[in-house]
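All values below were derived from every heavy atom in this structure, side-chain atoms included, with hydrogens, water molecules and symmetry-related copies excluded. Chain letters run A, B, ... following the sequence lines, proteins first, then strands; residues in each count from 1.
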Amino acid sequence: MEKMYSPKVIEKKWHKIWDAEKAFAATEDYSKPKYYALVEFPYPSGQGLHVGHPRPYTALDIVARKRRMQGYNVLYPMGWDAFGLPTENYAIQNKIHPRIVTENNVQRFKEQLQSLGYSFDWDREINTTDPDYYKWTQWIFMKLFKEGLAYKKEMPINWCTSCKVGLANEEVVNGVCERCGSEVVRKVKSEWMLKITEYADKLIDGLNDVDYIEKVKVSQVNWIGRSEGAEVDFALAGKEDKLRVYTTRPDTLFGATYMVVSPEHPYIDKYQSEISNWDEIIAYREAAAKKSEFERTELVKEKTGVVLDGLKAINPVNGKEIPIWISDYVLMTYGTGAIMAVPAHDDRDWDFAKKFNLPMIQVVEGTEGAVDINEAAFTDVATGKLINSDFLNGLEVTDAKEKMKEFLEEKGIGNRKVNYKLRDWVFSRQRYWGEPIPIVECDKCGYVAIDESELPLMLPEVDSYMPTDNGESPLAAMTDWVNTICPCCGGPAKRETDTMPQWAGSSWYFLRYTDPKNTEALASKEALDYWLPIDWYNGGMEHTTLHLLYSRFWHKFLYDQKVVPTHEPYQKRTSHGMILGENGEKMSKSRGNVVNPDDIVNEFGADTLRTYEMFIGAFELSASWSQDGVKGCRRFLDRVWKLMDIVSDEDGYSSDMETKMHQTIKKVSNDFENLKFNTAIAAMMALINDFYKKDSVTKGELKTLITLLNPVAPHMTEEMWEMLGFEGRLYQTAWPEYDEAKTVESTVEIAVQINGKTKTTLAIGKDDPKDDVIAKAKEALGDKLNGTIVKEIYVPGRIVNIVQK
RNA sequence: GCAGGAGUGGCGGAAUGGCAGACGCAUCAGACUCAAAAUCUGACGUGGGCAACCACGUGUGGGUUCAAGUCCCAUCUCCUGCACCA
């Protein structure tokens with residue numbers, strides 16, 4: 001043994017060399033084929049890197065390194081999503097400027113990432129808190145504003161009592177703040193909103209043209225929640241007003257036996273004088289208002305409600321008078337805040353009708369067996385025919401829907417309507433550590449964007465970052481900064497004091513990487529035309545309805561503005577599973593099961609950590625950490641290293657290994673592209689086991705092995721390359737090729753079965769004719785063949801099956 | 001409730017409808033060592049048998065097929081989202 005495998009020494013050595021050689025910089029040679037691989041940039045938290053971070057980073061690092069060896073111009077960048085609450089909270093507690101906190105955290109994160117040997121192009125590092133960066137975040141906001149997609153609205157928002165900040169709907173999970181877990185209450189505030197709903201259809205349709213894992217597509221479609229139906233006007237008996245409802249089942253209109261409005265519906269107050277049980281109504285309303293979001297979702301969904309005495313509606317298709325109820329199962333925020341209830345064909349209406357003894361009329365009958373609407377609502381639309389419905393009788397549900405929509409439009413009592421669950425994006429945060437919103441409010445001109453030449457609008461220095469209890473941003477106290485002049489009329493005006501949410505900077509960062517130092521534009525047209533779309537983007541499932549949806553929205557907007565060349569930013573999206581503690585639980589300080597990547601690097605080396613995280617299991621599933629598993633991966637690398645003790649001078653492959661070499665190249669190449677890193681590594685382990693069994697390996701075989709292993713364990717293999725005296729650098733070497741014809745063994749062992757049960761095995765030539773193989777198989781089976789042969793099956797290279805009676 | 005995913009040795013996990021358990025871990029035995037660690041070699045699904053071998057075996061129950069972990073139907077459990085969206 002010439003030299004021990006010593007990761008500490010080797011890894012430092014190669015970091016310096018790669019750095020000096022600018023080994024992994026993406027070039028501006030736009031004639032080469034490009035590959036843009038992207039991982040979600042981290043929030044540089046005070047805790048430093050977690051062992052969960054390296055999993056996706058290593059996976060795409062492998063892809064990036066392999067693509068470079070295959071001749072692509074690869075962009076694999078990294079940066080910092082550094083605005084955000086934890087930094088601000090830390091700054092408040094420790095009385096340090098958040099900018100300093102961010103700098104420290106970034107430095108720590110960067111050192112940790114660099115210790116793992118990622119092939120990031122550090123010349124393109126970006127930071128969302130850098131004014132040269134957020135200038136363009138503000139610029140995009142101004143474009144949205146000028147196009148009418150950013151607007152200010154007085155509205156009840158989700159208010160986190162602990163963070164003292166408004167949250168987007170997407171940030172409220174089970175009625176509590178996604179970030180801190182504190183209670184979220186409703187609070188009325190004037191907030192900046194982005195009209196993401198305007199892009200709802202485009203966000204759904206765009207999914208047809210991209211290669212995302214299925215569950216991401218499904219989640220986004222569900223979150224947007226498009227539904228097609230109709231709005232219908234119900235006259236109020238003896239009144240001018242009509243009560244408008246939204247329904248997806250206009251076909252069941254003849255079955256509507258009552259109506260329900262949300263407790264907040266404006267007609268309740270409007271007709272107060274007509275309502276004889278007003279006290280009851282008020283009591284119900286108060287009770288409903290007191291229910292928090294959490295209670296609404298967690299409580300058993302027992303229906304509650306009160307009838308509006310003295311007010312009746314008229315079913316427009318049959319003129320029947322029906323009662324109107326109020327109930328909190330009808331939401332003011334969806335549709336029109338009022339529904340027509342068809343208890344025979346809707347589960348919720350059925351529950352409500354049962355509880356309050358309201359009449360039901362069946363208007364759809366089952367075509368596959370009888371249905372009893374006294375047992376449950378019949379909601380199946382695929383197997384139903386209309387009854388008790390005048391001109392709809394006998395039609396199938398789909399046709400009846402269409403016919404009713406036509407009827408409603410003809411008679412002027414309704415119209416087609418598409419609704420979405422998606423709401424506009426609450427874009428204001430009452431915080432310091434975010435991008436200032438580049439808008440001023442002028443008494444004369446209203447909200448006006450500042451002049452583009454004033455960008456970036458710098459975040460001012462303040463004395464206190466403390467959020468205020470009255471819901472104002474800390475910036476509001478900066479009167480010098482707040483008072484300004486209107487860019488439109490020159491009169492006095494006030495600056496907007498809310499800042500942008502963390503999602504702003506991350507909604508376009510991938511564009512900046514293509515040209516990170518541009519001072520004229522967010523990136524040059526040439527750079528965007530060349531690099532977009534991102535070929536492969538990997539990130540967490542938790543961002544499916546947040547970052548991923550928001551950034552697609554901005555991108556589609558920028559496409560409409562002719563800023564970017566593609567209508568979708570990401571061609572392919574995958575998601576990694578979580579790394580859990582040894583006990584199978586989520587890693588957390590309180591559970592005491594946190595593994596620090598620095599410790600693993602210290603004890604075993606970065607290459608071992610990288611190998612282990614790829615070998616741990618299927619990439620998309622969560623996996624539990626195992627210290628013994630780490631040891632096993634180090635043992636594998638040691639065994640690769642020690643192949644240098646038994647290597648011969650031969651350049652090519654030895655004849656008995658040729659097939660195996662070609663098979664391994666094929667398997668590793670394919671597996672790396674298909675996220676199957678665990679089986680790729682297993683194949684390489686199997687290969688070296690073969691070398692040890694023979695106690696020899698040729699130089700040519702070892703060359704191929706370390707080239708295949710290089711993307712996974714770049715430091716060790718680069719060192720071996722040098723020690724073995726190969727020319728140049730391994731990272732610049734071409735990826736090994738395989739010959740399909742040579743991946744097939746010339747002789748194979750096949751299973752010989754009787755009636756599908758394996759009885760023996762047989763060695764045959766790969767091209768032996770069927771008759772010969774079957775004859776040999778019969779001979780091998782001998783007297784086990786003792787019945788009448790019914791069928792003989794030969795699957796070439798696999799199996800012989802003799803079927804006998 | 002709806003949607004997506006998963007149920008395979010002691011453990012992590014492999015298997016284009018074609019010999020289930022690759023690869024790794026743990027365990028056991030042997031070699032080396034005064035000894036231990038490290039390393040190397042071998043065994044390792046369950047039951048029976050000294051053995052060759054036999055039977056059983058991929059959550060459960062059916063089905064399709066010469067052949068099913070894989071396809072179809074039903075069912076149970078677990079995970080992850082969403083959840084009164086009319």
Side-chain angles (χ1 to χ4, degrees), chain A residues 173-174 213-219 221-223 225-227 229 245-250 252 256 259-260 262 296-299 301-303 327-331 333-342 345-349 351-352 419-423 541-542 544-545 575 577-578 584 611-612 615-618 620-633 635-636 638-639 642 667 676 678-689 692-693 695 749-762 790-804:
Chain A
V173 176
N174 289 333
I213 51 171
E214 194 57 27
K215 60 177 169 179
V216 168
K217 283 193 184 183
V218 170
S219 300
V221 169
N222 289 346
W223 189 263
R226 180 190 159 100
S227 79
V245 301
Y246 173 72
T247 177
T248 55
R249 292 293 303 273
T252 61
M259 302 187 81
V260 187
S262 132
R296 283 215 187 164
T297 53
E298 287 300 308
L299 284 179
K301 283 151 195 164
E302 176 85 0
K303 294 284 184 287
S327 173
D328 64 0
Y329 85 91
V330 174
L331 309 173
T333 47
Y334 184 82
T336 62
I339 62 156
M340 65 177 209
V342 185
H345 304 289
D346 180 277
D347 292 327
R348 296 149 305 180
D349 297 344
D351 289 344
F352 194 83
N419 260 333
Y420 303 91
K421 289 189 209 176
L422 185 70
R423 307 292 154 77
M541 272 313 284
E542 70 274 22
T544 302
T545 53
S575 238
M578 247 199 309
T611 307
Y612 176 64
F615 188 63
I616 192 167
E620 297 188 19
L621 301 178
S622 58
S624 303
W625 188 263
S626 153
Q627 200 71 11
D628 283 330
V630 178
K631 248 172 26 191
C633 287
R635 201 174 293 165
F636 164 61
D638 279 328
R639 279 162 64 83
K642 281 188 291 187
K667 176 137 186 75
K676 301 182 76 174
N678 51 338
T679 50
I681 293 168
M684 291 188 270
M685 287 173 169
L687 182 65
I688 70 158
N689 287 346
Y692 277 108
K693 252 175 217 147
D695 207 28
E749 192 172 82
I750 62 166
V752 179
Q753 304 181 329
I754 296 176
N755 297 343
K757 296 219 168 202
T758 304
K759 295 296 170 188
T760 184
T761 58
L762 187 64
V790 184
K791 206 170 183 180
E792 293 163 347
I793 292 151
Y794 174 48
V795 182
R798 292 270 186 191
I799 207 161
V800 172
N801 188 15
I802 311 285
V803 185
Q804 69 173 14

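Contact annotation: Lys631(A) reaches the phosphate of A26(B) (side-chain N/O to OP1 or OP2, under 4.0 Å). Distances shorter than 4.0 Å separate some side-chain N or O of Lys791(A) from OP1 or OP2 on C66(B). Applying the 4.0 Å criterion to OP1 and OP2 of A86(B), one finds that Ser227(A) has a side-chain N or O inside that range. An OP1 or OP2 oxygen of A14(B) is reached within less than 4.0 angstrom by a side-chain nitrogen or oxygen of Asn678(A). At the phosphate of A86(B), OP1 or OP2 sits under 4.0 Å from a side-chain N or O atom of Tyr334(A). At the phosphate of A26(B), OP1 or OP2 sits under 4.0 Å from a side-chain N or O atom of Arg635(A). Contact annotation: Lys757(A) reaches the phosphate of C56(B) (side-chain N/O to OP1 or OP2, under 4.0 Å). In this structure, Lys667(A) does not reach the C23(B) phosphate: none of its side-chain N or O atoms is under 4.0 Å from OP1 or OP2.
Residue Asp628(A) places no side-chain atom within donor-acceptor reach of the base of C25(B), judged by atom type and a 3.5 Å distance cut-off alone. No N or O donor and acceptor, one from the side chain of Lys421(A) and one from the base of C82(B), sit under 3.5 Å apart.
At whole-Å resolution of the value, CG in Leu762(A) and P in C19(B) are 15 Å apart.
Rounded to a whole angstrom, the distance from the P atom of G1(B) to that of U75(B) is 12 Å. A gap of 31 Å separates the C1' atoms of C82(B) and G12(B), to the nearest Å. Using atom P as the reference point in both G47(B) and C11(B), the two lie 15 Å apart (nearest Å).
Note on Glu749(A): a base of the nucleic acid sits closer than 4.0 angstrom, heavy atoms only.
Nearest nucleotide to the side chain of Gln753(A), out of G4(B), C19(B), C84(B): C19(B).
Using a cutoff of 4.0 Å between basic side-chain nitrogens and carboxylate oxygens, Lys631(A) and Asp628(A) are scored as salt-bridged.
Ring planes of Phe352(A) and Tyr329(A): tilted class, angle from 30 to 60°.
Residues satisfying the salt bridge (charged side-chain N to carboxylate O under 4.0 Å, His left out) test with Lys759(A), not counting sequence neighbours, are none.
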